[in-house]
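Just below is one structure, and these are the notes that go with it.
Predicted model only: the values in this text are computed from it and were never measured. These numbers come from the heavy atoms of this one structure, side chains and all, not from hydrogens, waters or symmetry mates. As the structure lists them, so they are numbered: ligands from 1, and atoms in each ligand from 1.
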Amino acid sequence: MPSSLNPKLETMLAETSNKICGCKGIRSCRLCKNTENEVQALFTGNHNVQSNVEKKTCYFCVHCKKAYQYTRVDSLAEDQSLQSSFPECQNEDLPNNTSVPSPGATSNVLELKEDNKLCQHKNVLHKMNFPGITIIENFVSPDEEFSLDAAIKETPFQKSQSGRQKQDFGPKVNFKKQKIRVSSFNGLPSYSRFLFERMGAHSCLKDFQPVELCNLEYCSERGAHIDPHFDDAWLWGERLVTLNLMSDSCLTFTLDEDPFLEVRVPLLRRSLIVVSAEARYQWKHGISEADVIGRRVAMTFRELSEEFSRGGSKEEEGKHLLTLALTFQGTAIQPSNVPHWD
Ligand SMILES: O=C(O)CCC(=O)C(=O)O
Ligand SMILES: [Fe+2]
C-alpha cells in the first residue's frame, strides 16, 4: 500500500484483505488487489501504468532442452490452452530408443538426450542453453490424475499467499532461524507412494528421496500465482520435483540482474518437472496469474540438502526426517506451522 493513504484506510484494507484471502506483506491476489485498487483509485485517482519496455522471452523446448527466442510467435488467442503459446519443434521422426518410457505413460517421447539433432525449430532469433530442467511427460495416466486429485481433496486446503491454497506434509521449519521441529510430521501421504516408486525408474531421480510434499492449488478466479523466488537451499536439496495436475501452465524463470529476460518452461498436465542446477540456484522461478487457466494442482516433492544428508553436520536429523517421510502414513500439518520459502 502507498504510504500516502490515510492510516484509517490502510487498517480497513488490511482487515478486509485478511478476511478474504491468505496474502501477507507484499503478496497479493485478485481478491485483495481488486479491493485495494478500487479504494486506491477512489482516493488517489492512480491507475497501474504498464511498462512498455520489450521483454526478451525464450521458450524452453521439452525435447532438445534448449531455450529459443523466436522472430515471431504465433499465439492462438482463441485457444485457451497454454500449450499453444509454445512454438512446436519438428521432432516427429525421433527414434524410439532415445526415450525412457514411464510406467504411467502413453507417449514414448520422454527424457530425450540433450542436443538432439533431430529437433528443429523455425524462426529462431536466439538459442540458449538452459541447464537444470527435465520434463517427463505423461508421468501419470488420466485415471491416476483423477484419483490423486480426489485423494488430495479429502484434506482441506489452507489459504496461502497470492491466491494459492496449500497442504503441507513435512517438518515444521523456521527458515530464517534455521530451526526444524518434527513432532507433528508423520510422513508423506499414502497416495504419493506410487509416485515416489515411479520416480526411481528414471535415471535423473534414481536416488531421489523426498522428505516433504507440498500440494498447491491455483484457481484463476482467485488470481492465484507465485511470485518469482528461490526455494530454500539450507534444508532442501538440489532437485525440486513437481507433478502438474488438472491443467497446463508455465513456469517462468527470471534473473534479477537482467529483468527483461525470461525463460518460459511448459508445465504440461500430468507431466513431472525436475528443477535443478542453474535453473534451481541461479534463476528465480514463478508462475504468473495469466498462466493459470481454470484450476491447477501442483504436487512438489523436496529432498534434503547435503548438510542433512550422509556426511553432513545434520545427518542424524536428516535420517530421522527421511524415516518419517517414507512411512507414507502422513496427514497434513497445521497451517500456522507450514514451512515454505515465503
Ligand atoms: O506451482 C509450482 O509448480 C511451483 C511452486 C513453487 O515454486 C514452490 O512451491 O516453491
Ligand atoms: Fe518454488
* Structure fact -> Partner of R302 under salt bridge (Lys or Arg N to Asp or Glu O under 4.0 Å), picked from D168, D231, D232, is D231

* **Numbered atoms and elements of ligand 1 in range of Y218, under 4.0 angstrom, heavy atoms** => 1 (O), 2 (C), 4 (C), 5 (C)

* **Polar atom proximity, D231 to ligand 1 (N or O, under 3.5 Å)** => yes

* To do: Answer yes if the side chains of E262 and T57 hold a donor-acceptor pair under 3.5 Å, and no otherwise.
  => yes

* Asked: So Y70 and H121, would you call those rings parallel, tilted or perpendicular, with 30° and 60° as cut-offs?
  -> tilted

* Structure fact -> ligand 1 atoms nearer than 4.0 angstrom to some heavy atom of T242 are 3 (O)

* To do: Please verify whether a non-hydrogen atom of H229 lies at under 4.0 Å from ligand 1.
  => yes

* Tell me which N, O or S atom of H229 sits nearest to the Fe ion (ligand 2). => NE2

* Structure fact -> ligand 1 to L216, heavy atom cutoff 4.0 Å, flagged ligand atoms 5 (C), 9 (O)

* **Pair H225, D291: side-chain N/O donor-acceptor within cut-off below 3.5 Å** => no

* Asked: Just by distance, do the side chain of E303 and the backbone of R239 share a donor-acceptor pair under 3.5 Å?
  -> yes

* **Minimum-distance atom from the Fe ion (ligand 2) among N, O or S atoms of D231** => OD1

* Asked: Does one side chain, of K66 or N129, offer a donor that lies under 3.5 Å from an acceptor on the other?
  -> yes

* Would you confirm whether N186, through its side chain, and T331, through its main-chain N or O, come within 3.5 Å as a donor-acceptor pair? => yes

* Which of the atoms in ligand 1, numbered in the order shown and given with their element, are less than 4.0 Å from a heavy-atom of I287? -> 1 (O), 2 (C), 3 (O)

* Are L251 and F60 side-chain neighbours, meaning at least one heavy-atom pair lies under 4.5 Å? -> no

* Test item, R302 contacting ligand 1 (heavy atom, 4.0 angstrom) -> yes

* Asked: Is the closest N or O pair between R296 and ligand 1 shorter than 3.5 Å?
  -> yes

* Based purely on interatomic distance, does H285 place a nitrogen or oxygen under 3.5 Å from a nitrogen or oxygen of ligand 1? -> yes

